[in-house]
Protein chains: 4
Amino acid sequence: MGRGRPRSVERRRAILDAAAELALGSQTLPTMDAIATRAGVSRTTLYKWWPSSAAVLLEGLLERFHASIEFDDDLPVRAALTAQVDALVHLLRDTPAGRLLRQLMSASITDAATATALLDQWMEPRRHAAIHHLERGMTIGEIRPGTDTALVVDALFAPAYHRLIWGHAPLDDDLAEHVCALVWPAITT
Amino acid sequence: MGRGRPRSVERRRAILDAAAELALGSQTLPTMDAIATRAGVSRTTLYKWWPSSAAVLLEGLLERFHASIEFDDDLPVRAALTAQVDALVHLLRDTPAGRLLRQLMSASITDAATATALLDQWMEPRRHAAIHHLERGMTIGEIRPGTDTALVVDALFAPAYHRLIWGHAPLDDDLAEHVCALVWPAITT
Amino acid sequence: MGRGRPRSVERRRAILDAAAELALGSQTLPTMDAIATRAGVSRTTLYKWWPSSAAVLLEGLLERFHASIEFDDDLPVRAALTAQVDALVHLLRDTPAGRLLRQLMSASITDAATATALLDQWMEPRRHAAIHHLERGMTIGEIRPGTDTALVVDALFAPAYHRLIWGHAPLDDDLAEHVCALVWPAITT
Amino acid sequence: MGRGRPRSVERRRAILDAAAELALGSQTLPTMDAIATRAGVSRTTLYKWWPSSAAVLLEGLLERFHASIEFDDDLPVRAALTAQVDALVHLLRDTPAGRLLRQLMSASITDAATATALLDQWMEPRRHAAIHHLERGMTIGEIRPGTDTALVVDALFAPAYHRLIWGHAPLDDDLAEHVCALVWPAITT
DNA sequence: GTCTAAACGAGACGGTACGTCGTGTCTTCGG
DNA sequence: CCGAAGACACGACGTACCGTCTCGTTTAGAC
């Protein structure tokens with residue numbers, strides 16, 4: 001029961017914001033040092049609440065963009081899937097989420113903890129939403145039974161992340177629709 | 001004018017090998033220090049020839065796996081594409097290339113030079129090979145004209161890289177075939 | 001007056017004891033943190049009553065060993081002085097006081113407050129007792145008039161402290177007697 | 001045989017000087033950080049050559065004051081001893097050595113390595129010189145045979161160090177002579 | 001054969017960031 | 001008013017790599 005000095009919300013905010021700002025202004029993950037300085041907070045405080053700058057960044061990312069998953073069951077299946085992918089494409093291209101995710105993906109590869117967190121809290125929710133629509137489609141007979149949903153989901157989402165990372169091709173406005181169109185004939189009844 | 005002491009091939013080998021071994025035994029990129037020590041070479045020599053450990057790793061990777069691109073025009077288009085993707089899947093799963101690429105992709109995100117090199121020397125050749133087959137297919141009327149080849153190539157390859165990075169689903173033996181099957185109906189005439 | 005919750009004697013005891021135990025088990029002064037933890041007390045409480053761990057240690061030391069000064073005027077002067085030095089030697093060698101004093105002397109050098117306290121409350125009482133006997137000796141004609149009492153006291157006590165600090169020679173049982181014997185011919189009539 | 005970049009003498013000098021200056025301007029041992037900053041040298045370099053600031057200080061101290069030991073066998077024994085003690089008193093009072101030694105003694109109490117070094121390289125040489133003269137005195141029949149030289153040496157030197165530490169009495173010009181006078185009757189034949 | 005320019009080894013050095021520890025202060029609640 | 005719990009800023013710690021530098025020492029091929 002709330003003993004001791006309560007954690008300062010202002011500082012938490014300052015830290016999350018500082019991390020995001022630094023990350024957006026650079027290719028590389030901000031250092032704990034830099035975040036602390038920018039946020040006007042001591043390094044000790046940082047380490048007390050987060051194990052790494054990636055964790056700080058991730059927390060800020062999730063807080064800002066947690067509400068970006070489409071679960072509208074009234075939409076036709078294809079439209080729902082397209083909306084999902086389209087939401088992702090816009091997120092990656094038009095919001096800070098894209099740049100932040102790039103760096104978090106880099107960190108994920110070398111740091112297992114970040115990988116787990118990012119997978120569980122970012123990727124999986126989106127994958128599950130898509131799988132949900134696919135299964136709904138199978139139920140109502142719009143999607144071919146026996147479809148490998150995991151694979152379809154990867155086919156839908158992977159190109160967007162791929163282009164985010166490599167930058168070899170743009171994240172077009174119609175990317176989502178085209179990707180869905182590419183996959184749809186193979187999975188519809 | 002080959003004046004002066006020529007560069008030692010043995011040392012170059014030792015360095016490339018040391019880098020690969022270290023990378024395979026760890027999640028993170030080896031440090032220049034570690035590579036030099038492992039190769040029995042002075043740090044000076046390393047810095048003389050490569051700007052970063054990622055560059056060392058990349059050079060070794062390309063040297064080992066440059067011959068892994070399928071250009072056989074006698075195969076039917078779909079078989080040729082499947083073979084391409086399948087070759088990639090096996091490379092990523094069954095050879096050191098997978099682990100090395102993971103780390104190089106991480107480095108690419110934060111280091112523009114590595115990104116450029118990896119894109120130009122690893123990704124593009126494979127993409128071009130696939131595009132070549134797609135265009136061949138359009139020429140012989142097997143592929144629908146007007147197909148967005150860049151998108152199709154991403155749809156074919158991205159899932160494999162995606163699973164390499166995230167590890168959320170396995171790089172199955174039949175992944176290549178399934179991915180091609182998923183895309184094929186939408187692009188064939 | 002007497003308002004509010006009175007100070008807890010148990011905690012004071014626990015703190016003094018914890019400090020002494022920690023000091024005896026280490027070369028270095030215990031930290032405030034460690035004392036608080038060991039005593040099962042919050043750091044706040046510590047800082048409320050003592051400015052430093054040296055102060056805690058000193059208070060405990062004085063409490064335990066305040067009664068160790070010989071003022072028996074019935075003894076002959078030389079015997080009284082010898083008894084004084086002997087008491088000190090035994091204190092330094094056979095009781096916790098030795099180890100505690102070592103650390104307090106270390107702290108005294110860098111911290112003026114500790115130095116003053118230790119000087120006033122530990123050194124001076126003992127010096128005055130010795131000076132008292134010397135002056136008594138001068139009064140009864142046993143000690144040469146005009147003797148530099150301050151110097152003699154230093155000559156008597158300093159070797160013991162010196163050996164405590166450096167450990168280059170043992171604090172023998174007969175150290176006190178030998179030191180007195182060394183000085184006596186020069187000060188007796 | 002001198003491979004690699006040779007160690008910079010200037011930096012070594014700058015470090016030793018910086019440490020001494022900082023120590024003289026403060027009660028407490030300088031931090032490694034402060035020494036590095038003051039010397040215009042990186043912390044890494046400091047840690048490469050010395051394990052602690054006490055070690056830096058000690059090296060500087062020994063370098064400056066190694067030549068302060070009197071070994072003149074032509075002097076009468078008592079004069080030689082008095083000269084020894086007098087040299088020490090002047091060193092402690094009139095040169096930086098006094099303040100530096102204070103802090104080194106403090107460090108010695110809590111750090112075994114410093115203690116050993118200081119004992120071996122500062123105390124022992126001086127003690128041996130004094131013992132040498134005492135033994136010479138015994139040989140020529142001026143000092144009573146069977147004299148406990150170790151004790152006499154402590155009686156001669158300890159008061160000076162004692163006053164250095166506590167500051168309860170001054171290091172007078174005639175301190176050396178008085179101390180010798182105090183001890184002499186008991187040891188001369 | 002010698003000359004010579006580059007490759008190479010050894011290691012010093014300045015830097016930046018790391019993650020931890022101890023300090024002393026402050027804030028909030030409960031006895 | 002005492003005390004517990006704990007957040008916080010600060011400063012120093014000792015370490016790891018980084019990239020650069022300054023030497024001395026090979027060594028193959030040009031002369």
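Below, chain A is the first sequence line, B the second, and so on; all start at residue 1.
- Residues Ser42(B) and Gly4(B) both approach DNA chain E. Their nearest nucleotides, taken by heavy-atom distance, put Gly4(B) toward the 5′ side.
- Contact annotation: the side chain of Val56(D) never approaches that of Trp49(D) to less than 4.5 Å [non-hydrogen atoms, C-beta and beyond].
- For the atom pair CD1 of Ile109(B) and CE of Met105(A), the computed distance is 6.0 Å after rounding to the nearest 0.5 Å.
- Of all the heavy atoms in Ala107(A) and Ala54(A), the pair that sits closest is CB-CB, 4.0 Å.
- Remark: P of dC29(E) and CZ of Arg7(A) are 18 Å apart, rounded to the nearest angstrom.
- With dA7(E), dC18(F), dC13(F) as the candidates, the nucleotide lying closest to the side chain of Thr31(B) is dC18(F).
- Between Thr110(C) and Gln103(D), the closest side-chain pair of non-hydrogen atoms is not below 4.5 Å.
- Near-neighbour residues of DNA chain F inside residues 32-41 of chain A, defined by a heavy atom below 4.0 Å, number-ordered: Gly40(A), Val41(A).
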Tell me which donor-acceptor pairs under 3.5 Å the side chains of residues 27-35 of chain A have, and how far apart each pair is, sequence neighbours excluded?
residue  : atom : partner  : partner atom : Å
Thr28(A) : OG1  : Ser26(A) : OG           : 3.2
Thr31(A) : OG1  : Ala34(A) : N            : 2.9
Asp33(A) : OD1  : Arg43(A) : NH1          : 3.3

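- Rounded to an integer number of Å, the gap from NZ of Lys48(C) to C1' of dA5(F) is 15 Å.
- Toward the 5′ end of DNA chain F lies the nearest nucleotide of Ser53(B), the other residue of the pair Ser53(B) and Pro6(B) mapping further downstream.
- Between the side chain of Thr45(C) and the base of dA4(F), no donor-acceptor pair under 3.5 Å is found.
- A pairwise comparison of heavy atoms in Ser42(A) and Ala36(A) identifies C-CB, 4.2 Å as the closest pair.
- Rounding to whole angstrom units, CZ of residue Arg5(A) and C1' of dT25(E) are separated by 8 Å.
- The interatomic distance linking Tyr47(D) (OH) with dC17(F) (C1') rounds to 17 Å, in whole Å.
- Once rounded to the nearest 0.5 Å, the distance linking CD1 of Ile15(C) with CG of Leu57(C) reads 13.0 Å.
- The side-chain heavy atoms of Leu101(D) and Leu118(D), taken from C-beta on, include a pair separated by under 4.5 Å.
- Put simply, CG on Leu46(B) is 13 Å from P on dA10(E), counting in whole angstrom units.
- For the helix from dG1(E)-dC31(F) to dG31(E)-dC1(F), the angle separating the two terminal helix axes comes to 0°, with each axis derived from five pairs and the value rounded to 10°.
- With hydrogens and angles ignored, no donor-acceptor pair closer than 3.5 Å exists between the side chain of Arg3(A) and the base of dG30(E).
- Of the residues in residues 10-27 of chain A, none lies under 4.0 Å from DNA chain E by heavy-atom distance.
- Remark: C1' of dG22(E) and CZ of Arg43(C) are 8 Å apart, rounded to the nearest angstrom.
- Listed nucleotides: dA9(F), dC18(F), dC18(E). Nearest to the side chain of Thr44(A): dA9(F).
- Atom CH2 in Trp49(D) sits about 6 Å away from atom P in dC13(E), given to the nearest Å.
- Contact check for Leu16(B) versus Trp50(B): side-chain heavy atoms found under the 4.5 Å cut-off.
- Applying the salt bridge (charged side-chain N to carboxylate O under 4.0 Å, His left out) rule to pairs touching residues 15-32 of chain D yields Arg13(D)-Asp17(D), Glu21(D)-Arg38(D), sequence neighbours excluded.
- Annotation: side-chain hydrogen bond (donor to acceptor under 3.5 Å, both in side chains) contacts of Asp120(A) (sequence neighbours excluded): none.
- Across all non-hydrogen atoms, the minimal contact from Pro96(A) to Phe65(A) is CD-CZ, 4.1 Å.
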